K.L.:
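Next up is a structure, given as structure tokens.
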Amino acid sequence: MPRPRKRLAGAAGLDKKGPAGKHVKTKNTESSSPQKIPASKNCEKNTGSYWLMKSEPESRLEKGVDVKFGIEDLKAQPKQTACWDGVRNYQARNFLRAMKVDEEAFFYHSNCKEPGIAGLMKVDVQFVRMMKRFIPLAELKTHHQAHKATGGPLKNMALFTRQRLSVQPLTQEEFDFILSLEEK
DNA sequence: GCCAACGTTGGC
DNA sequence: GCCAACGTTGGC
């Protein structure tokens, strides 16, 4: 469970390493490269990548520590900014390293009553806004299933194809499509 | 709370 | 390097 830690102290987002996780070697772990970060596709005008980051909005004790950190908790941070640590999975950590400041990321609520996308953040990791409406996992899944047949934008969405990855990239098309769901 | 999916560990 | 055992994620 990748969990942002409620860290104060002007914590400016992505620290070098999270104390919570094992700890990251500064080695060349980048060599175990994430197979595809969007952009490899064709030259998109937009330089940035898009991301989806999971966190648990409901209380749960893990080794005696409450891992609860929902979007409301992010909003409540000083500067509405948190330090996203506690990510253990190598691939997820590689994605964290690949992020650049100010790229956009969805805040996804996992392991809870209603899983889904709650809002938008920008890397460093700061609250940007709530989604105009909560986008439930079930709805995303419906589109994903349909798009597998039609070749629509969510056909390869990592949320479904890389089930347990807590920090994941989105293509421009995926990102735009999900934003368009707000208006529905 | 259950449990499927899947990542990690460690013996060989 | 294989693979079984084990641990974690996260939907339901």
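Since the structure is predicted, the reported quantities are computational estimates derived from the model, not experimental observations. So you know, we letter chains A, B, ... as the sequences are listed, proteins then strands, and number each from 1.
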K.L.:
With the threshold set at 4.0 Å, does a side-chain nitrogen-carboxylate oxygen contact exist between A/E183 and A/K132?
P.N.:
yes
K.L.:
Looking at the rings of A/W84 and A/F107, which for Trp means the six-membered one, are their centres under 6.0 Å apart?
P.N.:
yes
K.L.:
Measure the distance from NZ on A/K113 to C1' on C/dC12 and round it to the nearest whole Å.
P.N.:
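Rounding to the nearest Å, NZ of A/K113 and C1' of C/dC12 are 12 Å apart.
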K.L.:
In terms of side-chain heavy atoms of A/K141, which of C/dG10, C/dG11, B/dT8 is nearest?
P.N.:
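Within the option list, the nearest is C/dG11.
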K.L.:
Could you tell me whether A/E182 and A/R129 make a salt bridge, using a distance below 4.0 angstrom between a side-chain N and a carboxylate O?
P.N.:
yes
K.L.:
Judged by each residue's nearest nucleotide on DNA chain B, which is more toward the 5′ side, A/T161 or A/N111?
P.N.:
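Per heavy-atom nearest nucleotide, the more 5' residue is A/N111.
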K.L.:
Counting heavy atoms from C-beta on, name the nucleotide in C/dG10, B/dT8, C/dC12 closest to the side chain of A/L137.
P.N.:
C/dC12
K.L.:
Starting at atom CD of A/Q163, determine the distance to atom C1' of C/dG11, rounded to an integer number of angstrom.
P.N.:
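Going from A/Q163 (CD) to C/dG11 (C1'), I get 8 Å.
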K.L.:
Could you go over nucleotides 2-5 of chain C and give all protein N or O partners under 3.5 Å, atom names and distances?
P.N.:
none

K.L.:
Is the phosphate of C/dT8, meaning OP1 or OP2, less than 4.0 Å from a side-chain N or O of A/N89?
P.N.:
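For C/dT8, OP1/OP2 do not have a side-chain N/O of A/N89 under 4.0 Å.
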K.L.:
Among A/K141, A/H143, A/K148, A/H147, find the one that has a side chain to side chain donor-acceptor pair (under 3.5 Å) with A/Q145.
P.N.:
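Testing each of A/K141, A/H143, A/K148, A/H147 against A/Q145, the sole residue satisfying side chain to side chain donor-acceptor pair (under 3.5 Å) is A/K148.
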K.L.:
Distance check needed: C/dG10 C1' versus A/Y108 OH, whole Å only.
P.N.:
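In whole Å, C/dG10 C1' and A/Y108 OH are 8 Å from each other.
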K.L.:
Measure CZ/A/R162 against C1'/C/dG10 and give the value in whole Å, please.
P.N.:
15 Å
K.L.:
Please report, rounded to the nearest Å, how far the P atom of C/dC12 is from the CD atom of A/E58.
P.N.:
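So the two atoms are 14 Å apart, to the nearest Å.
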K.L.:
Take atom CZ of A/R88 and atom P of C/dG7, then tell me their distance rounded to the nearest Å.
P.N.:
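Taking atom P of C/dG7 as the reference, CZ of A/R88 is at 13 Å.
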K.L.:
Between A/D66 and A/S59, does a side chain to side chain donor-acceptor pair (under 3.5 Å) hold up when you go through it step by step?
P.N.:
CA-CA 6 Å; A/D66 192 350; A/S59 284; 2.9 Å; yes
K.L.:
Can you tell whether the side chains of A/R60 and A/E62 come within less than 4.0 Å, N to carboxylate O?
P.N.:
yes
K.L.:
Salt-bridged, A/K155 to A/E173, with N to O below 4.0 Å?
P.N.:
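The answer is no: the pair does not qualify as a salt bridge.
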K.L.:
For the pair made of CG in A/N94 and C1' in B/dG7, what is the distance, rounded to whole Å?
P.N.:
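Going from CG in A/N94 over to C1' in B/dG7 covers 14 Å.
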K.L.:
Whole angstroms only, please: what is the CG-P distance between A/L165 and C/dG10?
P.N.:
8 Å
